[in-house]
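Take a look at the structure below.
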2 protein chains.
Amino acid sequence: MKVSREQAAENRDRIVETAAQLFRERGFEGIGVADLMKEAGLTHGGFYGHFSSKEDLIAEASARALMRSLALFTSVAERGADPLSAIASAYLTSRHRDNPGEGCLLAALGSDVSRHGPTVRRAVTGHLRSAVDLLAGLVPGKSKARRRQKAISTYATLVGAMVMARAVDDRALSQEILDAGQASVKA
Amino acid sequence: MKVSREQAAENRDRIVETAAQLFRERGFEGIGVADLMKEAGLTHGGFYGHFSSKEDLIAEASARALMRSLALFTSVAERGADPLSAIASAYLTSRHRDNPGEGCLLAALGSDVSRHGPTVRRAVTGHLRSAVDLLAGLVPGKSKARRRQKAISTYATLVGAMVMARAVDDRALSQEILDAGQASVKA
DNA sequence: ATTATCTATAGATCTATAGATAATGC
DNA sequence: ATTATCTATAGATCTATAGATAATGC
């Protein structure tokens, strides 16, 4: 039942990808190691050959999801004439709202992160620093401090609006929240 | 071991209060029924005389936490000359950040709410409607639609900034996030 | 007599480990 | 020979229930 070294690396990678999606969909506590391995096409026991603990995987899967988000931010920003508007338009969509498994980790698991281990939190901290640096370079503003401040508050608005749009049980209100977030960033 | 009807009502109330705090501190999945009852000074089995399920308590505890927040918003808004600034100042503090158990449910459990039952989500929806109505009445703005939009995006900024400030592993960055959120609301 | 609470436990689930198995890589 | 994966299971924990207990409220 052994596989090639290359295949093993692929398997490991698939576990991380599967976890990155399922954690965002169901929460860190919403899926167990056994189910996760089954979704990745492997058996329960094999997990601990790749990771030392579930927390270890949580950290790695989170880091990967965050890296993807940053890459997407960069590519979206490069596209349009007004980068911040472009990011807000891409972020605050019903598609993103309805597919948390492929979306922003902060919106999907933000409040859970603060209750988890130092490795996840370090990954989030690193991501936020990079994202703020990126956005601060795109925002118009008098001083560097002002641009950083605008970058941070913009990101906060996006995350907060997505959390609220997902929490709400009413499609019209949910859409109103997405629209209000976009309008505020573009104002 | 029976207690008076009045005492039983008090016990039930204490379970809800304890849950409202512990859920916000540790997450809905972070504390079990047994530990929760112990914290409330009762035994595990007694729980199901008061509630039909843990989900039932989650809904009731969430509704209570949200009601408290709305009351606080109202009282803070009445205090100052600039109500929105007053709310931002009261919300985005290190004290709030470091005490999620007594703070905003959306910041503490926002991303978990979307993964839970219809009763919790209905409570959040009702709260958001009330909070937006309240804030929209306090915001300056040309049209009613503009004031609503500003109310929603302001609340989103507060929630997002608190989630980010708590997720981050660095005190300076965390403080910078709180400050940026405040500056943005007050601008 | 009713009922709020207690003790005890069923049944499910979860993380992690031990040891067997079989294919790779030297 | 090494090692990636598998089967099986230990040990802990979690929700919910059953039945006993003892104090209230008629």
Exercise for the section: Assess the side chains of B:S75 and B:R79: does a donor N or O sit below 3.5 Å from an acceptor N or O? Expected result: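 Yes, because at least one side-chain N or O of B:S75 sits under 3.5 Å from a partner of the opposite role on B:R79.
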Specify the separation, in whole Å, of atom [atom1] of [X] and atom [atom2] of [N].
X     : N      : atom1 : atom2 : answer
B:Q7  : C:dT5  : CD    : P     : 8 Å
B:F47 : D:dC14 : CZ    : C1'   : 12 Å
B:M37 : D:dT15 : CE    : C1'   : 13 Å
B:L42 : D:dA22 : CG    : C1'   : 16 Å

Which part of the nucleic acid, if any, lies within reach of [X] when heavy atoms closer than 4.0 Å are counted: base, sugar-phosphate only, or nothing?
X     : answer
A:H50 : sugar-phosphate
A:G32 : sugar-phosphate
A:S4  : sugar-phosphate

Handout entry: B:E55 side chain vs B:G117 backbone, donor-acceptor pair below 3.5 Å
Key =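 Judged by distance alone, yes, a pair lies under 3.5 Å.
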Practice task
Keeping the roles fixed (side chain from A:R121, backbone from B:V168), state whether a donor-acceptor pair exists under 3.5 Å.
Solution key: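 Confirmed, A:R121 side chain pairs with B:V168 backbone.
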So which nucleotide from [options] ends up closest to the side chain of [X]?
X     : options               : answer
B:D35 : D:dC6, D:dC14, C:dT9  : D:dC14
B:K54 : D:dT15, D:dT5, C:dT15 : D:dT15
B:V3  : D:dA16, C:dT5, C:dA16 : C:dT5
B:R5  : C:dT9, D:dG25, D:dC6  : D:dG25

Problem - Pairing nucleotide - D:dA20, Watson-Crick or G-U, each distance under 3.5 Å - result: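 The answer is C:dT5, by the H-bond criterion.
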Practice task
Please confirm whether any donor atom in the side chain of B:K2 sits under 3.5 Å from an acceptor in the base of D:dT24, or the reverse.
Solution key: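 Donor-acceptor pair under 3.5 Å: yes.
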Exercise for the section: Give a yes or no on whether a salt bridge exists between B:R26 and B:D35, defined as a side-chain N under 4.0 angstrom from a carboxylate O. Expected result: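 Here B:R26 does not pair with B:D35 in a salt bridge, since their nearest N and O are not under 4.0 Å apart.
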